Amino acid sequence: MEYPLVVSHLRKSYKAGREVVHAVRDVSFKVRRGEIFGLLGPNGAGKTTTINMLTGILTPDSGTVKFFGMSECEETRNRINTATAYNNLNGVITVQQNLRVYAKMYNIRNANAVIDDLLQKFEINDLRNRRVYDLSSGQKTRVNLCKSLINSPDLIFLDEATAGLDPHIAHEVRKKIKELKTTVIFTSHIMYEVEELCNRVAFLSKGKILKIDTPEKIRGMIKENVIIVEFLSEPRNAERILQDLNVVGKSKNKVIIKLKGKEDLDKIVHKLVTSGFKIRDLHVKKPTLDEIFIRVAKGAL
Amino acid sequence: MRWHRIQAMLMKYWYISRNSLDRIFDVVYWPVIGVIVFGFTTLYLEKAAGVPNVIIFLLGGMLMWNLFERISQDVGVYILEEFWSHNVANTFVTPLKESELFVALCIVGFIRSLISFTVMVGIALIGYQFNFFNGGLISLLFVIPLFLFAWGLGLLMSGMIFRFGMRIQVFVWGVSYLLQPLAAAYYPVETLPVVLQKAALFTPLVYVFQGFRLSYGGAFSVQYLLAALGLSVVYLVIGYFIFTRCVKKARRSGLLTKY
């Protein structure tokens, strides 16, 4: 199987004043064709440093990167692209002019049609004659995304690419990223975004990958879900009944009960109903990647 | 080397030049002001003070110096444009090679300096009856080493930007002036103290200006031309080497990722 991206033992450290910062320590992973692969981690985890090394603008101290089975070369560079919240297009010139420059750079034959299509897709057709300097950060983000798709890349790096977008636009952009028929490396520190988008996720912390798996499997690492039950009315002996359950929180008309498995849910609900509780609402809360990430980072998983 | 990538950079420089008042001023405003001031100074020194050959030393020197300055600065300024726009990473993620960037910068410098030069030569001719082409087409051969050396210096300045970042951008504006005393653009090289005369021999500029003045007067020095060409090529090669090394270093240090 040919992987669009194989990263082996990547390392990078740099000097910050007198201190040596080990930004990336021995990072290895493989990305499958067509998948959206998430690099997830808090600020300073090494996500952007990793992306910068993969896109060729930062030379690693050691390690290898293979794109489509090849080392970095002109062909691989023609087949990748990137959008990042950290860099802009040229501010003095217009959106359309910038996109034309990049279309020429990648030798795109029907450049005008491709640009029109991208501007329509990201709903920024009205911005085509505006200078990039004059755009809001959300608009710049969408222009960056257009640029990143100009060469129909086989592998695309999106580094915090939805930063600065309002929730509605961010949702639309995520939808468009999902629709892309290409391999995507997506970094973010917003967990729900990664959960929504990615087929697999790598947890990064302090320059190391702690875990790689699908969001579902990673969520499954924590077996105990909790159930939040809201009552319309309680029986007289409510306190005694609840004592037999694994209650982790209680407020007026509401209890939080820890579950050990799916069958536990059925038993608990049955017990509550037969004991005279009238249930108004019931909600099973699954662990988020946030919670799991914190536990993984602490070494608790 | 791929022509379409050079074209892409030229397209970008064209758009920047068209949209930016600063870049338009570089080409027309400052050179025109310069030629007018030097023109009147020449008239005064010629008529009132009776200084001989003053027109070739002042106005001729100014035209040649401006050509040199324009080319060398343009190479650095268009690199700085990438830094100012925080566009460096986006440019270097593409398959663009350093050699293609270099060719694009040379072409844009050539075109812009040609526009600037044509305007200045025209004003000098009409306003002050100074015919730059008085020495015939052969005198124009001295423009070739001027271009080569300016590109070399521009590459050196660009390399320094990639090595040290924006904090040394003042270098781009000032480095050519560092060479000006040694260039003997406005006076014979013999005017300099002996130590500086010897130092001047290591820059192609002194041969360019001396040779151009000779050819303007009807003589032509092959030795000056060869010395100027030889030194210019050496400095161009050194400039290109330093530029590519500095870009490589910038990839290692992470400077490209910051802009």
Side-chain angles (χ1 to χ4, degrees), chain A residues 12-16 21 23 48-49 51-61 72-94 96-98 100-109 111 131-133 140 143-144 147-148 150-151 153 157 159, chain B residues 1-26 77-101 104 108 162 244-259:
Chain A
K12 184 72 188 176
S13 51
Y14 56 87
K15 275 188 178 174
V21 178
T48 298
T49 306
I51 292 282
N52 285 337
M53 287 192 278
L54 301 181
T55 52
I57 53 168
L58 183 65
T59 309
D61 293 341
E72 191 203 340
C73 60
E74 190 179 330
E75 189 193 328
T76 63
R77 282 190 174 218
N78 269 313
R79 292 173 67 184
I80 67 169
N81 211 326
T82 175
T84 159
Y86 303 112
N87 298 104
N88 289 324
L89 299 183
N90 193 291
V92 177
I93 66 181
T94 67
Q96 181 165 261
Q97 288 169 339
N98 265 296
R100 276 189 188 152
V101 167
Y102 284 96
K104 193 63 164 171
M105 190 69 88
Y106 291 102
N107 208 17
I108 308 301
R109 300 269 175 234
R131 292 189 337 158
V132 171
Y133 270 147
K140 279 180 190 165
V143 175
N144 268 331
K147 181 240 109 183
S148 72
I150 198 100
N151 58 330
F157 296 91
D159 186 14
Chain B
M1 205 182 288
R2 303 275 177 182
W3 175 237
H4 65 86
R5 291 198 288 263
I6 297 169
Q7 271 182 298
M9 293 311 287
L10 288 175
M11 200 187 241
K12 185 197 276 187
Y13 297 147
W14 162 241
Y15 290 141
I16 292 172
S17 303
R18 222 173 57 174
N19 294 13
S20 163
L21 203 60
D22 290 344
R23 300 293 77 82
I24 295 168
F25 263 50
D26 290 345
V77 165
Y78 280 90
I79 290 286
L80 277 174
E81 283 281 0
E82 304 275 355
F83 279 78
W84 291 329
S85 279
H86 276 250
N87 189 39
V88 180
N90 269 326
T91 302
F92 278 87
V93 162
T94 68
L96 181 76
K97 291 175 180 160
E98 283 91 339
S99 54
E100 292 158 349
L101 178 62
V108 77
F162 279 107
T244 50
R245 294 283 298 182
C246 288
V247 173
K248 209 177 228 176
K249 175 81 182 167
R251 282 188 204 274
R252 273 204 306 273
S253 70
L255 189 119
L256 295 188
T257 67
K258 291 177 188 160
Y259 297 98

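Just so we're on the same page: letters track the sequence lines, and every chain starts at 1. This structure is a prediction, so every number in the text was calculated from the model and none was measured.
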Undergrad: Find the one option among A/Glu75, A/Gln97, A/Lys147, A/Arg131 whose heavy-atom pairs under 4.5 Å with chain B are most numerous.
TA: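 Highest number of heavy-atom pairs under 4.5 Å: A/Gln97.
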Undergrad: Please name the pair of heavy atoms, one in B/Met11 and one in A/Lys104, separated by the smallest distance, quoted to 0.1 Å.
TA: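 Closest approach of B/Met11 to A/Lys104, heavy atoms only: SD-CB, 4.2 Å.
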Undergrad: Show your reasoning for whether side chain to side chain contact (heavy atoms under 4.5 Å, CB included) applies to B/Asn87 and A/Asn88.
TA: CA-CA 5 Å; B/Asn87 189 39; A/Asn88 289 324; 5.9 Å; no
Undergrad: Under 4.5 Å from any heavy atom of chain B, what part of A/Lys15 do you find: side chain, backbone, both or neither?
TA: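 When you check distances to chain B, no heavy atom of A/Lys15 falls under 4.5 Å.
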Undergrad: Go through the side-chain N and O atoms of A/Asn90 and B/Lys12 and say whether any donor and acceptor fall under 3.5 Å apart.
TA: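 The criterion, which ignores hydrogens and geometry beyond distance, is not satisfied for B/Lys12 and A/Asn90.
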Undergrad: Taking atom CZ of B/Arg2 as the centre, report whether more than 12 heavy atoms of other residues, nucleotides or ligands fall under 6.0 Å from it.
TA: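 Result for CZ/B/Arg2: open.
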Undergrad: So which of A/Asn98, A/Leu89, A/Thr82 has the biggest tally of heavy-atom pairs under 4.5 Å with chain B?
TA: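 Highest number of pairs under 4.5 Å: A/Leu89.
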Undergrad: So for B/Glu100, is it side chain, backbone, both, or neither that comes closer than 4.5 Å to the heavy atoms of chain A?
TA: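 It is neither, since no heavy atom gets under 4.5 Å.
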Undergrad: Would you name the heavy atoms of A/Gly91 and B/Ser85 that are closest together and state the gap between them?
TA: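 Reported closest heavy-atom pair: N-OG, 3.0 Å.
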Undergrad: Let's test your reading of the structure: which of A/Val92, A/Asn151, A/Ile57 forms the most heavy-atom pairs below 4.5 Å with chain B?
TA: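 Most heavy-atom pairs within the cutoff with chain B belong to A/Ile57.
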Undergrad: If I take atom NE2 from residue B/His86 and atom NZ from residue A/Lys140, how far apart are they, to the nearest 0.5 angstrom?
TA: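 Atom-to-atom, B/His86:NE2 and A/Lys140:NZ are 10.0 Å apart.
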Undergrad: In terms of heavy-atom contacts, does CH2 of B/Trp14 have more than 12 from other residues, nucleotides or ligands at under 6.0 Å?
TA: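 Atom CH2 in B/Trp14 is not crowded, with 12 or fewer foreign heavy atoms closer than 6.0 Å.
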Undergrad: From A/Tyr133 OH over to B/Asn19 CG, what is the distance, rounded to the nearest 0.5 angstrom?
TA: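 It comes to 11.5 Å.
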Undergrad: For each of A/Asn107, A/Asn78, A/Thr48, A/Asn52, tally heavy-atom pairs with chain B at distances under 4.5 Å, and name the one with the top tally.
TA: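 Winner by heavy-atom pair count: A/Asn107.
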Undergrad: Can any side-chain N or O of A/Arg77 pair as donor or acceptor with the backbone N or O of B/Phe92 at less than 3.5 Å?
TA: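 Pair found, side chain donor or acceptor close to backbone of B/Phe92.
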Undergrad: What part of A/Tyr102 gets within 4.5 angstrom of chain B, counting heavy atoms only: side chain, backbone, both, or neither?
TA: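 Interface part for A/Tyr102: side chain.
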Undergrad: So which atom in A/Met105 and which in B/Met9 form the shortest heavy-atom distance, rounded to 0.1 Å?
TA: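 Where A/Met105 meets B/Met9 most closely, the heavy atoms are CE-SD, 3.5 Å.
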Undergrad: Name all residues meeting the side chain to side chain donor-acceptor pair (under 3.5 Å) criterion together with B/Glu98; count only those two or more places apart in sequence or in a different chain, and write none if there are none.
TA: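 If we apply the side chain to side chain donor-acceptor pair (under 3.5 Å) test to B/Glu98, skipping adjacent residues, there are no hits.
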Undergrad: Against chain A, work out which of B/Leu256, B/Thr94, B/Ile16 has the most heavy-atom pairs shorter than 4.5 Å and name it.
TA: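 The answer is B/Thr94.
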Undergrad: Please look at A/Asn144 and chain B and tell me whether the side chain, the backbone, both or neither of the residue comes under 4.5 angstrom of a heavy atom of that chain.
TA: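 Looking at A/Asn144, just its side chain touches chain B.
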Undergrad: Anything in residues 244-253 of chain B with a heavy-atom distance to chain A below 4.5 Å? Please list those residues in order.
TA: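 Within residues 244-253 of chain B, the residues that come under 4.5 Å of chain A (heavy atoms only) are B/Arg251, B/Arg252, B/Ser253.
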